[in-house]
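Accompanying notes for the structure given below.
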Amino acid sequence: MSDDSDDAYCLIDATRPPRAEGPPYAECVLCRKPTEYPESYKGITMCPVCEWQEAQRTACSG
């Protein structure tokens, strides 16, 4: 197995919304704190803390 395909087995989509240039910011879907993403973004947005915690919960084990 080549080193460049280490993430190929992971089924988690790492797509992130575009970062906002300024307020208003979207609310985190978990804790309701402001995120780094624009309020106009339609989809799941999380604050940096919740993003990190979710990444820890869903990390692929190798």
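For the pair Thr45 (side chain) and Thr35 (backbone), a donor-acceptor distance under 3.5 Å is absent.
Distance CD/Glu51 to CD1/Ile44: 11.5 Å, rounded to 0.5 Å. Note that the SG atom of Cys50 and the NZ atom of Lys33 stand 7.5 Å from one another [nearest 0.5 Å].
When the salt bridge (Lys or Arg N to Asp or Glu O under 4.0 Å) test is applied to Glu54, the partners found at least two apart in sequence or on another chain are Arg57. In this structure, Gln53 has no side chain to side chain donor-acceptor pair (under 3.5 Å) partners at least two apart in sequence or on a different chain.
Residues Cys31 and Cys47 come closest through the heavy atom pair SG-SG, 3.6 Å.
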